[in-house]
Amino acid sequence: MKNKKWAIIGVVAVLAILLLSSSIYTVAENEYACTFRFSEIVGTTEKAGLHFKIPFIDKVKYFTKASMLYDIPPSEVLTSDKQNMTVDCYIMWNISDPQKFYQTVGTKEEAESRLNAMTYTALKNTMGTLAQADIINMNDGAERNEIYEGIATNVDEKTREYGIHVEDVKIKRFDLPDSNLNAVYGRMISERNQMAEKYAADGNYDATIIRNAVDKQVNIMLSNAEAEAAKLKAEGEAEYMKRLAAAYDTADKREFYEFTLALDALKQSLTGEEKTIVLDGNSDLAQILMGVKKP
């Protein structure tokens with residue numbers, strides 16, 4: 001009887017442990033937990049910790065809260081100027097409503113299939129309003145952020161009914177068909193050449209203005225310097241004549257000054273190889289050279 005009693009207690013304990021273990025489940029910080037009863041969701045929680053359910057009847061399915069990246073396969077779109085382009089992009093998304101997510105798409109694979117279709121539609125509609133030159137150019141890449149944000153907003157609005165939140169849509173690369181590649185490169189080279197020519201023309205124009213301004217200043221300075229020099233020369237000559245007149249203010253002094261000038265002229269004329277001079281016989285200088293006294 002005693003052994004039977006302990007056996008019963010052991011069975012009860014095992015059943016109690018099984019019952020307790022099947023009625024408890026845990027939820028991590030980065031996940032949702034949905035409780036199913038007969039294939040229907042009867043509860044959803046995102047609170048981390050221990051939770052209880054009806055043992056052997058309720059089942060629990062977990063969905064991640066983490067952001068997920070889906071790399072969309074490259075696809076072709078048509079721009080407003082009828083140019084084909086291949087777009088390679090990716091999506092950052094998460095599950096915002098696990099109950100709605102399970103009821104509408106059920107799995108991550110199906111969700112990505114829907115995201116693929118809706119993102120392609122949004123890309124096609126957006127790129128269809130833009131010319132190829134608006135997409136591929138040398139402008140700051142930040143200018144294209146508005147395009148990305150518009151696509152992300154558009155896709156997010158459509159995926160809310162699936163319990164999905166689209167965080168971001170980023171375009172990794174725009175590829176051109178080979179038939180368009182050379183034409184686009186040629187256009188970009190032409191644009192760069194036009195910009196270079198404009199910069200060169202602007203530089204030459206500014207240089208011409210600077211040169212003209214400098215030449216004008218130089219001419220003004222030279223004119224002012226020449227005028228000042230002429231003024232100083234005139235003042236010097238006037239002062240010289242004034243002093244000369246003051247020094248030779250008598251007839252004897254003037255006669256002596258004229259005689260010294262004649263001697264200087266004679267000296268200058270005798271510096272060359274020719275030593276013959278012609279003088280007026282009545283001149284004082286001729287009479288002195290000939291030893292004739294002036295009467």
Side-chain angles (χ1 to χ4, degrees), residues 17-78 84-129 144-175:
I17 292 172
L18 290 175
L19 184 65
L20 181 63
S21 62
S22 64
S23 64
I24 295 175
Y25 65 95
T26 59
V27 179
E29 289 285 350
N30 64 339
E31 62 185 7
Y32 301 102
C34 295
T35 305
F36 290 80
R37 186 175 301 158
F38 306 118
S39 301
E40 291 186 4
I41 296 178
V42 294
T44 301
T45 183
E46 58 181 301
K47 185 177 180 181
L50 290 175
H51 297 269
F52 295 92
K53 62 182 179 66
I54 297 176
F56 308 113
I57 297 177
D58 291 347
K59 298 185 182 299
V60 179
K61 186 175 181 63
Y62 297 96
F63 298 96
T64 181
K65 291 181 183 178
S67 297
M68 292 172 278
L69 184 147
Y70 175 50
D71 194 354
I72 297 179
S75 55
E76 288 193 359
V77 295
L78 192 66
N84 284 324
M85 297 190 67
T86 302
V87 184
D88 189 5
C89 64
Y90 67 87
I91 302 174
M92 293 296 297
W93 66 283
N94 60 60
I95 299 172
S96 58
D97 187 335
Q99 182 171 345
K100 188 180 292 186
F101 178 83
Y102 177 77
Q103 292 172 341
T104 54
V105 292
T107 64
K108 176 183 175 182
E109 291 72 19
E110 181 61 24
E112 290 179 344
S113 176
R114 303 284 181 92
L115 286 169
N116 190 354
M118 287 183 285
T119 304
Y120 173 70
T121 300
L123 280 170
K124 184 175 66 174
N125 292 339
T126 301
M127 298 305 166
T129 64
R144 288 183 281 274
N145 285 340
E146 292 184 4
I147 299 175
Y148 305 151
E149 291 171 1
I151 295 171
T153 300
N154 185 294
V155 178
D156 181 56
E157 290 176 353
K158 294 179 179 179
T159 57
R160 289 176 187 173
E161 62 180 291
Y162 303 112
I164 295 173
H165 169 57
V166 174
E167 300 173 9
D168 199 6
V169 176
K170 278 290 187 288
I171 297 175
K172 298 188 295 183
R173 187 174 68 250
F174 283 108
D175 285 336

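- Side chains of W93 and V155 form no contact here, defined as non-hydrogen atoms less than 4.5 Å apart.
- Between K65 and E46 there is a side-chain heavy-atom pair separated by less than 4.5 Å.
- In this structure, NZ in K158 is found 13.5 Å from CZ in R114, a value given to the nearest 0.5 Å.
- The shortest side-chain heavy-atom distance between T104 and E161 does not fall under the 4.5 Å cut-off.
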Does T35 form a side-chain contact (heavy atoms from CB on, under 4.5 Å) with H51? I'd like the steps, not just the answer. CA-CA 10 Å; T35 305; H51 297 269; over 6 Å; no
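- How far CD of E109 is from OH of Y70: 10.5 Å, rounded to the nearest 0.5 Å.
- Residues I171 and M127 have side chains in contact (heavy-atom distance under 4.5 Å, counting atoms from C-beta outward).
- Here the straight-line distance linking atom OG1 of T45 with atom CD of E31 works out to 10.5 Å at 0.5 Å rounding.
- The heavy-atom pair separating I41 from T44 by the smallest distance is CG2-OG1, 3.8 Å.
- Taking all atoms of both residues into account, the shortest heavy-atom contact from M92 to S67 is CE-CB, 3.9 Å.
- Of the possible donor and acceptor atoms, none in the side chain of N154 sits under 3.5 Å from a partner among the backbone N and O of G150.
- Taking the ring pair (Phe, Tyr, Trp, His ring centres under 6.0 Å) definition, one finds that F63 meets it with F101, sequence neighbours left out.
- In this structure, K100 and G163 approach most closely via the heavy-atom pair CD-N, 3.6 Å.
- Considering all non-hydrogen atoms of both residues, I24 and F52 come closest at CG1-CE2, 3.5 Å.
- Using a distance-only test at 3.5 Å, with no hydrogens or angles considered, no donor-acceptor pair links the side chain of T86 to the main chain of S75.
- In this structure, the side chain of Y90 does not engage the main chain of D168 through any donor-acceptor pair within 3.5 Å.
- Note: C89 SG to N116 CG = 8.5 Å, rounded to the nearest 0.5 Å.
- No side-chain heavy atom of V27 sits less than 4.5 Å from a side-chain heavy atom of K47.
- Within the 3.5 Å criterion, the main-chain N or O of T107 finds no donor-acceptor partner in the side chain of E110.
- Taking every heavy atom of both residues into account, K172 and D71 meet most closely at NZ-OD2, 3.0 Å.
- Residues satisfying the ring pair (Phe, Tyr, Trp, His ring centres under 6.0 Å) criterion with H165, sequence neighbours excluded, are absent altogether.
- At least one donor-acceptor pair closer than 3.5 Å links the side chain of T159 to the backbone N or O of I164.
- Counting heavy atoms from C-beta outward, L115 and Y162 have side chains that stay 4.5 Å or more apart.
- In plain terms, the two heavy atoms of V60 and A33 that are nearest each other are CG1-CB, 4.0 Å.
- Separating the CD atom in Q103 from the CG atom in D97 is a distance of 8.0 Å, to the nearest 0.5 Å.
- Residues V169 and D156 are not in side-chain contact: their nearest non-hydrogen atoms beyond the backbone lie 4.5 Å or more apart.
- A distance of 10.5 Å separates CE in M85 from CG in L78, rounded to the nearest 0.5 Å.
- Inter-residue side-chain proximity for I95 and K108 is flagged as unmet; no heavy-atom pair is nearer than 4.5 Å.
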